[in-house]
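To keep things clear, I will list the structure first and then write my remarks on it.
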Protein chains: 2
Amino acid sequence: MTETESTGRRHTRDDVARTALRILDDHGLPDLTMRRLAAALDVQPSALYWHFPNKQTLLAALADRIVSHGRPVATATASTATAPTDWMHAVRSEAAALRDALLAYRDGAEVVSSTFALGLGSTAAVDRLASAVALGGFDDHTSGRAATALLHFILGHVSHEQQRMQYDSFGVVADGVTASSIDEDDPAAAFRFGVDLLVGGLEFSRSRR
Amino acid sequence: MTETESTGRRHTRDDVARTALRILDDHGLPDLTMRRLAAALDVQPSALYWHFPNKQTLLAALADRIVSHGRPVATATASTATAPTDWMHAVRSEAAALRDALLAYRDGAEVVSSTFALGLGSTAAVDRLASAVALGGFDDHTSGRAATALLHFILGHVSHEQQRMQYDSFGVVADGVTASSIDEDDPAAAFRFGVDLLVGGLEFSRSRR
DNA sequence: ACCTGAACACCGTTCAAGT
DNA sequence: ACCTGAACACCGTTCAAGT
């Protein structure tokens, strides 16, 4: 019932990250403070700085866990032979998997977004998207740029989506206008639309040369 | 030389926003605190809450100013007759103008991004993008979704770009690897690439039906 | 209409010292 | 190897009261 994890006393870096992830998921990013995390671990705030140099690094570790949520452990099997024409499907499902991973934790997109902007970790997401695009025969430069464009859209979209979720749960609905503007409804469809736009743009650029 | 604006004593809501914008541009978002803003205005922190109910609202006001930077005052002239096939050009230049506006202030993209995610203001940007897309003959629903997709990409890209600027100015270059990964070079080109992907995707979706 | 003074309830981070 | 205790230098926000 309480939030403390008093199992054993001394903690590992992994304990800290896991507890932080639980606070994030239960109470949201604004409530994930070093002091609150320390309290949940039954420890002084200063103790956390033995495990992580600062909060930013902690958040980067959380971002890595969020992004690799529900992912195979990447065994070194030969590259799974995807049908060469099915790169569009690959990109779409890679994007959908990433969205699912972000949605699996409260404020997940914002956490990943902030650490991505700062260039810390989270390269896994771009790499997977870039690989999927590369299946279409695009060069590395193009695949990389397309992947970051995809990631920017995904992070922006899911952040927006998650922000709206908690705005709804305890929201100012009493404002008359239901405020459901153009595509606030069916976020999954709006997500697919955006991904398809980028995927279609790649196909279009190919047909143009 | 100092940051105080001791001109007259009593301030207006506009003074507050303008001074905040200057602190943002000179020192960045982390340094834009209510206390620092108050000091710059030669006033107690509590005085700010007469002009704005909270910091979030202040930031939304700043976002509005940033987004409409370098913009005509929207005179009610008849819709400028753009060549019907030139909607792509319209979208591209609308996107470029938005990027320029965001780049005109330090951390501009992050400020706009945060208020956009919260659904406060900044509808001007989406509206302009949607109008440009609509020139292509797409229905409102499609135009709206394309506009938000564009905005998500733009905000993510420029945030990243601006983060990298101050990371460079005082950065950890001594880390061996020059870290210039796939498209950290020439951000303007990477930006155009992303916009073209989305624009191309729209054209592709039209050819597909 | 616009601001002061004083407080409340917090933050992240450092650092000597303990076991 | 992992943590305590105590401090430093801050935050955003509220609210009675002043002019």
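Just so we're on the same page: letters track the sequence lines, and every chain starts at 1.
- Among pairs with a residue in residues 126-136 of chain A, those fulfilling salt bridge (Lys or Arg N to Asp or Glu O under 4.0 Å) read A:E94-A:R128, at least two apart in sequence or across chains.
- Separating the CG atom of B:D15 from the C1' atom of C:dA1 is a distance of 14 Å, rounded to the nearest angstrom.
- The side-chain contact (heavy atoms from CB on, under 4.5 Å) test applied to B:T57 returns B:F52, B:P53, B:N54, not counting sequence neighbours.
- The salt bridge (charged side-chain N to carboxylate O under 4.0 Å, His left out) search around B:R106 returns none, not counting sequence neighbours.
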Considering only nitrogen or oxygen atoms on both sides, find all protein atoms under 3.5 Å from nucleotides 11-15 of chain D and state each distance.
{"from": "D:dC11", "atom 1": "OP1", "to": "B:T33", "atom 2": "OG1", "distance (Å)": "3.3"}
{"from": "D:dG12", "atom 1": "OP1", "to": "B:M34", "atom 2": "N", "distance (Å)": "3.3"}
{"from": "D:dG12", "atom 1": "OP1", "to": "B:K55", "atom 2": "NZ", "distance (Å)": "2.9"}
{"from": "D:dG12", "atom 1": "OP2", "to": "B:M34", "atom 2": "N", "distance (Å)": "3.0"}
{"from": "D:dG12", "atom 1": "N7", "to": "B:R35", "atom 2": "NH1", "distance (Å)": "2.6"}
{"from": "D:dG12", "atom 1": "O6", "to": "B:R35", "atom 2": "NH1", "distance (Å)": "3.0"}
{"from": "D:dT13", "atom 1": "OP2", "to": "B:Y49", "atom 2": "OH", "distance (Å)": "2.8"}
{"from": "D:dT13", "atom 1": "OP2", "to": "B:K55", "atom 2": "N", "distance (Å)": "2.9"}
{"from": "D:dT13", "atom 1": "O5'", "to": "B:Y49", "atom 2": "OH", "distance (Å)": "3.4"}

Item to check | Base-pair map of DNA chain D as dot-bracket, where | denotes pairing with a different strand and pairs are Watson-Crick or G-U under 3.5 Å | outcome: ||.|||||...|||||.||

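- Put simply, CG on A:L41 is 12 Å from C1' on D:dC3, counting in whole angstrom units.
- With sequence neighbours excluded, the residues that form a side-chain contact (heavy atoms from CB on, under 4.5 Å) with B:L21 are B:L24, B:L62, B:R65, B:I66, B:Y105.
- Remark: the separation of the C1' atoms in C:dC11 and D:dC8 is 12 Å, to the nearest Å.
- B:A134 meets the side-chain contact (heavy atoms from CB on, under 4.5 Å) test with B:S143; sequence neighbours excluded.
- For A:F138, the ring-ring contact (aromatic ring centres under 6.0 Å, His included) partners at least two apart in sequence or on another chain are A:W87.
- Residues forming a side-chain contact (heavy atoms from CB on, under 4.5 Å) with B:D31 (at least two apart in sequence, or on another chain): B:H27, B:R36.
- Computed from coordinates, the A:Q44 CD to D:dA6 C1' distance equals 9 Å when rounded to whole Å.
- With contacts defined as side-chain heavy-atom distances shorter than 4.5 Å, the pair A:H157/A:P187 qualifies.
- Atom C1' of D:dC2 sits at a distance of 13 Å from the matching atom of C:dA17, rounded to the whole Å.
- Checked against D:dC2, D:dT4, C:dC3, the side chain of B:H51 finds its nearest nucleotide in C:dC3.
- Residue B:R10 contributes atom CZ, which lies 6 Å from atom P of C:dC3 at whole-angstrom precision.
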